[in-house]
Participant: 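Below are the structure tokens for one structure; questions will follow.
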Amino acid sequence: MRRRLFLFGLLLSGTASLQATDYTLLATPTTVEWGHYAADAKPAITVHSGDTVKIQALSTCGPTDRLVARGVKPEDIPAYNEAVYKDYPEKDKGPGGHILTGPVAVEEAEPGDVLEVQILKVDIDANFACNGFGLHRGFLPMEFPYSRQRLIPLDRTKMIGHFAPGIDIPLHPFFGSMGVAPGNGRVDSAPPFAHAGNMDNKELVAGTTLYIPVAAKGALFVAGDGHAGQGNGEVDITAMETFLTGTFRFVVHKKKAMSWPRAETPTHYITMGFSPDLKEATEHALLDMIDFLVEEKHMTRDDAYMLSSVAVDLDITQLVDGNVGVHAMCPKNIFSTASTK
């Protein structure tokens, strides 16, 4: 049967290999990018459109000795954490702090294409998460002019995090950072933008598909910044940070006009906006949702604007990453079969 590919419900001409292959990419000192997305990064692996890659990623909880000093048992910390911190070249770090696994080069991807990233599975690889804020960091730095750290035990069977006695948080693991290389040069891993990156969008769990405009040959996808869960806003600058392994399928859509990342869950269409200014980020997310409704649902621009007011939720993704994020969520169930033909 011929495989059908949808971008927000619209059939697209995707490019996929005839016999898809499954790969595994482990986190090692030679397969991670520390603190950046880079157009000149050497691929850790090269795959074809339609292939699946299982990617192992570090947390942002810090080096092994620091975690042990905070009370984590050495045997509970994935062994690759110490190896990466010990052997990654100091000269290659920065300017940000995220340790991202990859890049995965997708052979067919070229500037002007769209990379479809199907998030097939997300596994939590540790029995703890960390959260913390620091001096001059977070959304309320003047209210909390000091640092504090917390370890959160994770019950991966019941899928809850024990934040404190009497407070259990459901786990919904996702990668805070997923993205592709910019058109040239190197960009900080912290601020999200058109390349996606450090979106910290808690909707991007397993079962969701992310769409990213390609700016560099091969796309050069990386992923990291594992979260066991997060609240919209991520106000103290960290979520439930932990170690994850994600399984992704990559599909290239040739010559598709798209300026900002989009996503699709089983229940919603999502557009996103990023800017240092919250109002401008909101405008980006809303305008892209209006464009989506015009392009994919064949609405007039006026009707798309009105529908966004009565049916679309504008949520603050995060407030702490340099560029703040807003995502617009349009429910799928408002569209009848007749309206989507």
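Starting from 1, each residue takes its place in the sequence as its number. In this text the structure is predicted, and so the values were computed from the model without any measurement.
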Participant: Sequence neighbours left out, what pairs pass side chain to side chain donor-acceptor pair (under 3.5 Å) with at least one residue falling in residues 64-74?
Facilitator: Thr64-Asn81

Participant: Kindly compute the distance separating CZ (Arg137) from CD1 (Ile237), expressed to the nearest 0.5 Å.
Facilitator: 4.0 Å

Participant: Using the side-chain contact (heavy atoms from CB on, under 4.5 Å) rule, take Asp291 and Arg301 through it: C-alpha gap first, then chi angles, then the decisive distance, then the call.
Facilitator: CA-CA 8 Å; Asp291 287 344; Arg301 188 171 174 80; 3.6 Å; yes

Participant: Is the shortest side-chain N to carboxylate O distance from Glu116 to Arg249 below 4.0 Å?
Facilitator: no

Participant: Quick check on the hydrophobic clustering: are Leu204 and Leu171 connected, directly or via other members, by side-chain heavy-atom contacts under 4.5 Å?
Facilitator: yes

Participant: Quick one: NE2 on His36 to CG on Asp188, what's the gap to the nearest 0.5 Å?
Facilitator: 10.5 Å

Participant: Can you run down the ring-ring contact (aromatic ring centres under 6.0 Å, His included) pairs that involve residues 88-125, sequence neighbours left out, and say none if there aren't any?
Facilitator: Trp34-Tyr88

Participant: Tell me whether Val205 shares a hydrophobic cluster with Met240, the cluster being built from Ile, Leu, Val, Met, Phe, Trp, Tyr side chains joined at under 4.5 Å.
Facilitator: no

Participant: So, do Met289 and Cys330 sit near enough that their side-chain heavy atoms are less than 4.5 Å apart?
Facilitator: yes

Participant: More than 12 non-hydrogen atoms from neighbouring residues, nucleotides or ligands closer than 6.0 Å to NZ on Lys255, yes or no?
Facilitator: yes

Participant: Side-chain heavy atoms under 4.5 Å apart, restricted to Ile/Leu/Val/Met/Phe/Trp/Tyr: what other residues fall into the cluster of Met142, or is it alone?
Facilitator: none

Participant: Output the distance between atom CG (Asp321) and atom OG (Ser189), rounded to the nearest 0.5 Å.
Facilitator: 9.0 Å

Participant: Could you tell me whether a side-chain N or O of Thr31 sits under 3.5 Å from a main-chain N or O of Leu26, the two making a donor and an acceptor?
Facilitator: yes

Participant: Can you confirm whether Leu58 sits close enough to Val84 that some side-chain heavy atom of one is under 4.5 Å from a side-chain heavy atom of the other?
Facilitator: yes

Participant: Report yes if the side chains of Met272 and Met199 come closer than 4.5 Å at any heavy-atom pair, otherwise no.
Facilitator: yes

Participant: Between Glu280 (side chain only) and Leu278 (backbone N and O only), is there a donor and an acceptor less than 3.5 Å apart?
Facilitator: no

Participant: With Thr238 as reference, evaluate Thr60, Asn131, Asp200, Asp225 under the side chain to side chain donor-acceptor pair (under 3.5 Å) test and give the passing residue.
Facilitator: Asn131

Participant: Under the salt bridge (Lys or Arg N to Asp or Glu O under 4.0 Å) rule, what pairs show up with a residue in residues 87-100, not counting sequence neighbours?
Facilitator: Glu90-Lys93

Participant: What's the shortest heavy-atom distance between Ala311 and Pro331, and which atoms?
Facilitator: O-CD, 3.2 Å

Participant: Any chance you could pull the hydrophobic cluster mates of Ile160, using side-chain heavy atoms under 4.5 angstrom and chaining through other members?
Facilitator: none

Participant: If you group Ile, Leu, Val, Met, Phe, Trp and Tyr by side-chain heavy-atom gaps below 4.5 Å, do Leu154 and Leu67 land in one group?
Facilitator: no

Participant: So, do Val326 and Glu283 sit near enough that their side-chain heavy atoms are less than 4.5 Å apart?
Facilitator: no

Participant: Determine the minimum heavy-atom distance between Ala206 and Leu120, stating which atoms define it.
Facilitator: CB-O, 3.9 Å

Participant: Tell me which pairs pass ring-ring contact (aromatic ring centres under 6.0 Å, His included) where either residue lies in residues 154-174, with sequence neighbours left out.
Facilitator: Phe174-His227

Participant: Output the distance between atom NZ (Lys297) and atom CZ (Phe292), rounded to the nearest 0.5 Å.
Facilitator: 5.0 Å

Participant: Between Asn323 (side chain) and Pro192 (backbone), is there a donor-acceptor pair under 3.5 Å?
Facilitator: yes

Participant: Under a 4.5 Å side-chain heavy-atom rule over Ile, Leu, Val, Met, Phe, Trp and Tyr, are Leu286 and Ile270 clustered together?
Facilitator: no

Participant: Is the shortest side-chain N to carboxylate O distance from Glu295 to Arg262 below 4.0 Å?
Facilitator: yes

Participant: Arg156 vs Asp123, test: salt bridge (charged side-chain N to carboxylate O under 4.0 Å, His left out). Steps then yes/no.
Facilitator: CA-CA 9 Å; Arg156 290 178 284 176; Asp123 293 316; over 6 Å; no

Participant: Please name the pair of heavy atoms, one in Ala38 and one in Leu220, separated by the smallest distance, quoted to 0.1 Å.
Facilitator: O-CD1, 3.7 Å

Participant: Are Ile77 and Leu151 linked, directly or through other ILVMFWY residues, by side chains that come within less than 4.5 angstrom of each other?
Facilitator: yes

Participant: Just wondering, do Leu293 and Ser308 contact through their side chains at under 4.5 Å, heavy atoms?
Facilitator: yes

Participant: So, using ring pair (Phe, Tyr, Trp, His ring centres under 6.0 Å) as the criterion, who are the partners of His195 when residues are at least two apart?
Facilitator: Tyr37

Participant: Any idea which heavy atoms bring Val180 and Leu115 closest together, and the distance?
Facilitator: CG1-CD2, 4.0 Å

Participant: Transitive ILVMFWY cluster of Met306 at side-chain heavy atoms under 4.5 Å: who else is in it?
Facilitator: none

Participant: With sequence neighbours excluded, tell me which residues meet ring pair (Phe, Tyr, Trp, His ring centres under 6.0 Å) with Phe133.
Facilitator: Phe144, Tyr146

Participant: Phe248: what forms a ring pair (Phe, Tyr, Trp, His ring centres under 6.0 Å) with it, not counting sequence neighbours?
Facilitator: Phe175, Phe221

Participant: Does CD belonging to Glu82 count more than 12 external heavy atoms closer than 6.0 Å?
Facilitator: no

Participant: Look at atom CG of Asp76 and say whether more than 12 heavy atoms of other residues, nucleotides or ligands are closer to it than 6.0 Å.
Facilitator: yes

Participant: Please examine the side chains of Tyr23 and Asp51, heavy atoms only from C-beta on, and report whether any two atoms are closer than 4.5 Å.
Facilitator: yes

Participant: Could you state the interatomic distance from SG (Cys61) to CD (Gln149), rounded to the nearest 0.5 Å?
Facilitator: 8.5 Å

Participant: Mind checking who shares a hydrophobic cluster with Leu287, ILVMFWY linked at side-chain heavy-atom distances under 4.5 Å?
Facilitator: none

Participant: Would you call Arg150 and Ile152 a side-chain contact if the rule is heavy atoms closer than 4.5 Å?
Facilitator: yes

Participant: Show the nearest heavy-atom pair for residues Ala215 and Ala181, with the distance to one decimal.
Facilitator: CB-O, 3.8 Å

Participant: Donor-acceptor pairs are to be reported for all side-chain atoms of residues 40-47 against protein atoms at under 3.5 Å, with residues two or more places apart or in another chain.
Facilitator:
none

Participant: Identify the heavy atoms of Thr101 and Ala57 that sit nearest to each other, and give their distance.
Facilitator: OG1-CA, 3.6 Å

Participant: Using a 3.5 Å distance criterion without hydrogens, assess whether the side chain of Thr24 forms a donor-acceptor pair with backbone atoms of Lys54.
Facilitator: no

Participant: Start with the C-alpha gap between Thr245 and Ile55, add the side-chain angles, then the distance that decides, and say whether side-chain contact (heavy atoms from CB on, under 4.5 Å) holds.
Facilitator: CA-CA 5 Å; Thr245 293; Ile55 299 177; over 6 Å; no

Participant: Give the intermediate values and the outcome of side-chain contact (heavy atoms from CB on, under 4.5 Å) for residues Phe128 and Thr242.
Facilitator: CA-CA 7 Å; Phe128 68 93; Thr242 194; 5.5 Å; no

Participant: Taking atom CD1 of Ile212 and atom CZ of Phe250, what is their separation to the nearest 0.5 Å?
Facilitator: 8.5 Å

Participant: Salt-bridge test for Glu264 and Lys332: reply yes if a basic N is under 4.0 Å from a carboxylate O, no otherwise.
Facilitator: yes

Participant: May I ask you to decide if Lys279's main-chain N or O and Asp277's side chain share a donor-acceptor pair within less than 3.5 Å?
Facilitator: yes

Participant: Is any side-chain heavy atom of Met329 less than 4.5 Å from a side-chain heavy atom of Leu314?
Facilitator: no

Participant: Just checking Tyr85: does its OH atom have more than 12 heavy atoms from other residues, nucleotides or ligands closer to it than 6.0 angstrom?
Facilitator: yes

Participant: Can you say whether the rings of Trp260 and His284 are parallel (under 30°), tilted (30 to 60°) or perpendicular (over 60°)?
Facilitator: tilted

